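A short worksheet on the structure shown next.
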Amino acid sequence: MSAYREGFGWNEATERLFKPARISEGHTVADFGCGPGKISVEIGKQVGSDGHVHAIDINAEFLEIARENAVAAGVSDRLTTHLKDGVSLPLSNSSLDRISARNAIMYVDDPLHTLREFHRVLRPGGLAHAIDGDWYMMVAEPIAHDAWRAFVEAASHACRNSDMGRKLYAAFVDAGFQDVDVSIVANADVDGRLLGMVRNMAKYAVESGTIDPAKVERVIAQVEQAHCEGEYLVVSPQFVVTGRKAD
Ligand SMILES: C[S@@+](CC[C@H](N)C(=O)[O-])C[C@H]1O[C@@H](n2cnc3c(N)ncnc32)[C@H](O)[C@@H]1O
C-alpha cells in the first residue's frame with residue numbers, strides 16, 4: 001500500500017504508455033484496476049470538466065485513496081469510483097469513449113471475459129487500451145539464465161497471468177476488437193526503480209515453496225550487489241495494446 005501511495009504516478013514514461021489510448025477532452029473513460037487512482041486523476045485532467053472518469057477496482061481501500069487523490073487534484077467533480085465485486089463491469093452498454101487498464105488484466109481470473117466486458121461498455125468506435133508486462137520476458141543482469149528463469153517461475157503464482165503481455169493481442173481479437181495494435185515499451189532500469197518489484201518477486205518465490213530459498217537469496221544478493229556497484233540492469237517490457245469497437 002505504501003509503495004502504491006508513493007509511486008506509480010504520472011511521468012514521461014507513463015505518458016508514452018498512454019499515448020495510444022488517444023484520450024481527449026470531453027471523453028468518458030474507465031480506468032479498470034485503477035489502484036490508488038493516480039492514472040484516473042491524470043485522465044480526469046485530460047478529459048476536462050466536460051468529460052468523466054470511472055475508476056474501477058476490487059479493492060475498497062484503493063478506491064478510498066483514489067477519491068482522496070481526486071479531491072487533492074481538484075478533479076473529484078468528474079470522477080466516480082466503483083467497487084467491482086462480480087465478474088461484470090458496473091457500467092452500461094456503449095457508455096464509454098475509452099477504457100484503459102494498466103497492469104490489471106494480468107490479475108483477473110478470466111482475461112477474455114474482462115475484455116468482452118470492455119467491448120460491451122464501449123460505444124461503437126470507442127477504444128480499449130491495455131498495458132501489461134510479461135514476467136518471462138524480464139531481464140535482470142547479472143543473473144544467469146537458469147537461475148533467473150527458476151526465480152520467475154517460482155514467483156509467477158502471485159499473478160494469475162504472468163505472461164499476459166504476449167497474450168493481450170489474441171485476447172483483444174477474440175473479444176471482438178478491430179484494428180488491434182501492439183507495441184512493446186522496454187526501458188532499461190539502471191537506477192533501481194524496479195528493485196522493489198524484484199524484491200516482491202523474491203517474496204512470492206519463497207512463499208511458493210517450489211524453490212530452494214537459498215537460490216532466491218542468491219538472486220537478490222547478486223542484484224543488490226550489482227546495484228551497489230553500478231552494474232545493475234533490469235528490463236520489464238510492457239505490451240501496449242489498443243483495439244477499436246466496430247462502428
Ligand atoms: C498492479 S495494480 C495497478 C494499479 C494501476 N492500474 C496502476 O497502474 O497504477 C493492479 C490493480 O488491479 C486491481 N485488480 C486486481 N484484480 C482485479 C479485478 N478482477 N477487477 C478489478 N480490479 C482488479 C488491484 O486491486 C490493483 O489495484
Side-chain angles (χ1 to χ4, degrees), residues 1-21 23 29-46 53-70 73 79-91 96 98-121 128-135 138 155-165 167-168 171 175 185 187 193-194 196-201 203-204 236-242:
M1 245 341 143
S2 63
Y4 275 113
R5 273 190 189 274
E6 281 143 35
F8 300 96
W10 190 264
N11 54 37
E12 263 176 44
T14 330
E15 197 167 324
R16 193 169 156 209
L17 294 171
F18 275 79
K19 205 166 175 205
I23 293 168
V29 182
D31 180 13
F32 176 84
C34 64
K38 294 186 182 175
I39 300 299
S40 318
V41 163
E42 176 60 31
I43 293 173
K45 292 178 189 164
Q46 293 178 6
V53 186
H54 296 279
I56 304 167
D57 208 282
I58 49 165
N59 183 324
E61 202 177 335
F62 274 146
L63 292 176
E64 191 53 48
I65 301 171
R67 273 189 293 271
E68 285 169 17
N69 285 335
L79 187 139
T80 309
T81 54
H82 302 264
L83 184 63
K84 180 172 170 277
D85 53 4
V87 285
S88 303
L89 289 179
L91 296 168
L96 301 178
R98 301 285 185 267
I99 182 163
S100 181
R102 179 173 77 161
N103 300 143
I105 297 189
M106 63 196 306
Y107 294 99
V108 306
D109 288 333
D110 186 343
L112 182 55
H113 176 81
T114 301
L115 289 173
R116 286 193 174 128
E117 277 292 286
F118 282 21
H119 193 271
R120 177 183 68 77
V121 297
H129 168 250
I131 302 162
D132 267 308
D134 190 317
W135 286 10
M138 279 180 76
S156 64
H157 70 97
C159 175
R160 283 192 180 81
N161 315 290
S162 48
D163 58 355
M164 194 64 227
K167 296 199 180 298
L168 276 176
V185 176
N187 295 321
R193 178 176 48 87
L194 294 173
M197 178 184 180
V198 175
R199 289 193 188 112
N200 278 341
M201 288 170 75
K203 203 162 53 104
Y204 303 141
S236 177
Q238 299 293 304
F239 283 72
V240 184
V241 180
T242 53

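Everything numeric in this text was worked out from a predicted model, so none of it was measured. Both counts, for ligands and for their atoms, begin at 1 and track the order of listing. Values reported hereafter were calculated over all heavy atoms of this structure, with side chains retained and with hydrogens, waters and symmetry mates removed.
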- prompt: Quick one: does Asn161's side chain have a donor or acceptor within less than 3.5 Å of a partner on Ile105's backbone?
  reply: yes
query: Just by distance, do the side chain of His113 and the backbone of Val87 share a donor-acceptor pair under 3.5 Å?
result: yes
field: Cys34 contact mode with ligand 1 (heavy-atom cut-off under 4.0 Å)
entry: backbone
Going by heavy-atom distance to [atom], choose the closest among [options].
atom	options	value
atom 13 (C) of ligand 1	Asp57, Asn59, Asp110	Asp57
atom 3 (C) of ligand 1	Arg102, Glu61, Lys84	Arg102
atom 12 (O) of ligand 1	Ser100, Pro111, Gly33	Gly33
atom 23 (C) of ligand 1	Leu83, Ile58, Thr14	Ile58

Residue [X] vicinity, atoms of ligand 1 by number, heavy atom under 4.0 Å:
X	answer
Gly35	4 (C), 27 (O)
Phe32	20 (N), 21 (C)
Asn103	1 (C), 2 (S), 3 (C), 10 (C)

- prompt: Strictly under 4.0 Å, does any heavy atom of Lys38 approach an atom of ligand 1?
  reply: no
message: When you measure from the heavy atoms of Val108 to every atom of ligand 1, does any distance fall below 4.0 Å?
response: yes
Chi angles and distances behind the side chain to side chain donor-acceptor pair (under 3.5 Å) call for Gln238, Asn103: CA-CA 9 Å; Gln238 299 293 304; Asn103 300 143; 3.0 Å; yes
- request: Using distance alone, determine whether Asp31 and ligand 1 share an N or O pair under 3.5 Å.
  value: no
task: Measure the OH-SG distance between Tyr107 and Cys159 for me, rounded to the nearest 0.5 Å.
output: 4.5 Å
- prompt: Can you check whether Asp132 reaches Asp134 side chain to side chain, under 4.5 Å on heavy atoms?
  reply: no
query: Do Asn69 and Lys38 touch side chain to side chain, with heavy atoms closer than 4.5 Å?
result: yes
query: In this structure, which one of Ile99, Ile43, Leu96 forms a side-chain contact (heavy atoms from CB on, under 4.5 Å) with Val29?
result: Ile43
task: Check the surroundings of atom NZ in Lys84: do more than 12 heavy atoms from other residues, nucleotides or ligands lie under 6.0 Å from it?
output: yes
